[in-house]
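A quick write-up on the structure given underneath.
Chain naming here is simple, since letters A, B, ... match the order of the sequence lines and numbering starts at 1 in each.
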Amino acid sequence: MRVAELISFTGYQLQEKLLSRELTAQEVVEGLFANIEEVEPIVRAYLLLDREGAVRKAQEVDARLKKGEKLGPLAGIPVAVKDNICTNGLRTTCASRILENFIPPYDAHVIERLKEADAIIIGKTNLDEFAMGSSTENSAFKLTRNPWDPKRIPGGSSGGSAAAVAAGTAFIALGSDTGGSVRQPAALCGVTGLKPTYGRVSRYGLVAFGSSLDQIGTITRDVRDSALLLQIIAGRDSRDSTSADVPLPDYLKELEKPVKGLRLGLPREYFMEGLNDEVRKAVEEAVKVYEGLGLSVKEISLPHTPYAVAVYYIIATAEASSNLARYDGVRYGHRTPGAQNIIEMYSCTRAEGFGREVKRRIMLGTYALSSGYYEAYYLKASKVRNLIRQDFSRAFETVDFILCPTSPTPAFKLGERLANPMEMYLCDIYTIPANLAGIPGISIPCGFTKENLPIGLQLMARHFEEAGLLKVARAYERETEWHLRRPV
Amino acid sequence: MAVIDKKTIEHVALLARLELSEEEKELFVSQLGDILTYIEKLKELDTSKVEPMAYATATTNVFREDVPTPSLKLEEVLKNAPAKFQDFFKVPKVIE
């Protein structure tokens with residue numbers, strides 16, 4: 001089989017071909033690495049590739065399949081993992097100098113699940129340092145490029161995972177989403193990105209950024225693969241006490257069920273100034289597809305939307321400033337050489353280890369929590385956060401799903417927004433509210449601009465309604481072919 | 001709300017145990033000032049009757065039995081240490 005054909009498969013298709021023995025896991029891994037050798041020098045999605053480990057695992061899977069053993073549901077399927085998810089024995093850097101040589105002594109919960117499912121972990125993907133950013137340009141190690149136009153950013157912070165899935169250097173991938181970091185890069189790279197409900201997937205082993213917002217999500221080529229991967233990683237884990245004890249549906253079984261009669265809401269605040277015209281048009285066309293499928297569509301209001309970014313940059317930075325206090329040069333990570341006392345060791349270690357955006361956020365978060373400002377900033381933001389959540393609860397009384405753009409613009413050029421942090425923060429204006437409210441959201445491809453850049457459609461649902469969300473996303477995917485396009 | 005000046009930046013940097021260069025201090029005076037000005041818009045809202053929200057889903061205390069379970073081996077815990085002495089992490093002198 002030609003490499004070009006092999007790498008075009010989805011995880012679901014690979015699963016069929018591996019089980020029917022049409023393909024061996026070793027052929028899959030070798031084909032994938034052949035494409036990586038060709039494409040990775042341009043796209044630069046990976047911080048680490050474990051070819052040796054991948055081939056070893058593939059051979060093990062093939063041997064067990066040959067013996068007729070029953071294997072896990074992802075047997076022989078290569079998976080790329082964002083480099084803020086701990087992998088036992090495989091360097092995990094968060095794209096930060098401070099963790100440049102950190103080798104975790106344990107696996108994150110999601111990695112344990114992937115291994116139990118007999119998946120093959122092929123490498124660790126690039127991200128904005130500690131997942132702080134919307135373009136992957138805040139990585140301390142490399143710039144990842146958008147496979148649709150190498151002069152543009154892939155989005156962020158899971159830019160490496162999204163670029164790899166789009167470029168055919170990964171079939172399926174894991175990311176993390178604190179304010180849109182799975183959905184926005186998926187939209188900008190023309191792939192599918194799912195952020196599950198807060199608590200649906202255990203965060204054990206995900207390096208913490210904003211603990212009340214962080215959630216591990218999937219980046220795939222279609223909705224069926226999102227369902228396949230979510231099924232593996234979702235569920236209660238006692239090591240993350242916020243992971244929810246909520247029954248787990250059979251996502252693949254729910255996927256093809258009818259959608260007629262379901263109610264969609266279009267939040268008017270998501271279609272106002274700042275929205276690119278081509279994005280608006282593509283999303284409006286998607287609405288027509290849904291109407292054609294027999295869903296009802298009405299305009300709704302989420303009145304506190306204009307405050308979401310302000311709330312987010314208080315809460316996320318406050319939580320980050322606390323979470324990142326652990327990088328002190330004592331137990332792991334970088335330590336400055338030659339410090340004379342412990343305070344100097346802390347301060348210089350952190351000055352050398354953190355990049356500028358991380359420092360900016362630690363400063364903002366520390367300020368917001370500092371004596372005299374707590375009420376004006378953190379407490380105020382926590383109250384407005386509640387208003388944003390109430391907006392969604394009210395909306396979900398009259399509609400089943402919310403439809404809107406994922407990102408106000410298509411992928412922008414490398415370097416274009418680096419000078420002004422506020423401009424970069426506004427990239428996430430449509431994705432942040434779902435994190436604040438804790439609801440699930442998915443981005444699926446819904447068109448291309450005249451310059452051939454992908455456009456993403458976002459759907460949001462009630463807490464723990466991933467099954468319905470995937471079903472509605474899948475219904476659109478069946479009617480359209482945007483998700484089948486690949487960059488050349 | 002307070003204006004961000006260099007003195008504030010230095011105070012916050014000390015709280016955060018973050019050594020900043022002169023260039024960074026000046027940059028953050030202006031950038032944090034811009035961000036906080038944007039955040040001022042939250043003041044438009046009357047939240048006197050709104051409860052603060054800490055978690056997105058209905059989470060109450062999660063209890064479990066206090067049963068000892070195996071944890072990481074000492075050598076694994078110390079493997080990433082920048083400096084160690086016997087079974088301890090080694091740091092510069094803390095007490096004068």
Q. Does a side chain donor of either Thr336(A) or Thr349(A) reach within less than 3.5 Å of an acceptor in the other side chain?
A. no
Q | Any side-chain donor near an acceptor of the partner, Gln215(A) and Thr197(A), under 3.5 Å | A |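 No donor-acceptor contact under 3.5 Å links the two side chains.
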Where on [X] is there a heavy atom nearer than 4.5 Å to chain A: the side chain, the backbone, both, or neither?
X: Ile35(B); answer: both
X: Lys73(B); answer: neither
X: Leu27(B); answer: side chain
X: Lys93(B); answer: backbone
X: Leu72(B); answer: side chain

**Q.** Cation-pi, Tyr204(A) ring and Arg239(A) (6.0 angstrom, 45 degrees)
**A.**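 The answer is yes, since Arg239(A) meets both limits relative to Tyr204(A).
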Q) Is it the backbone or the side chain of Met363(A) that comes under 4.5 Å from a heavy atom of chain B, or both, or neither? A) both
Looking at [options], which has the largest count of heavy-atom pairs under 4.5 Å with chain B?
options: Ser321(A), Ser211(A), Ala325(A), Ala351(A); result: Ala351(A)
options: Phe464(A), Phe354(A), Tyr346(A), Tyr378(A); result: Tyr346(A)
options: Leu324(A), Val309(A), Asn101(A); result: Val309(A)
options: Ala437(A), Pro104(A), Ala368(A); result: Ala437(A)

Q) Is the CD atom of Glu44(B) crowded by more than 12 outside heavy atoms at less than 6.0 Å? A)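 Yes.
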Q.
Does anything in residues 306-327 of chain A form a ring pair (Phe, Tyr, Trp, His ring centres under 6.0 Å)? List the pairs, not counting sequence neighbours.
A. Phe130(A)-Tyr327(A), Tyr313(A)-Tyr425(A)
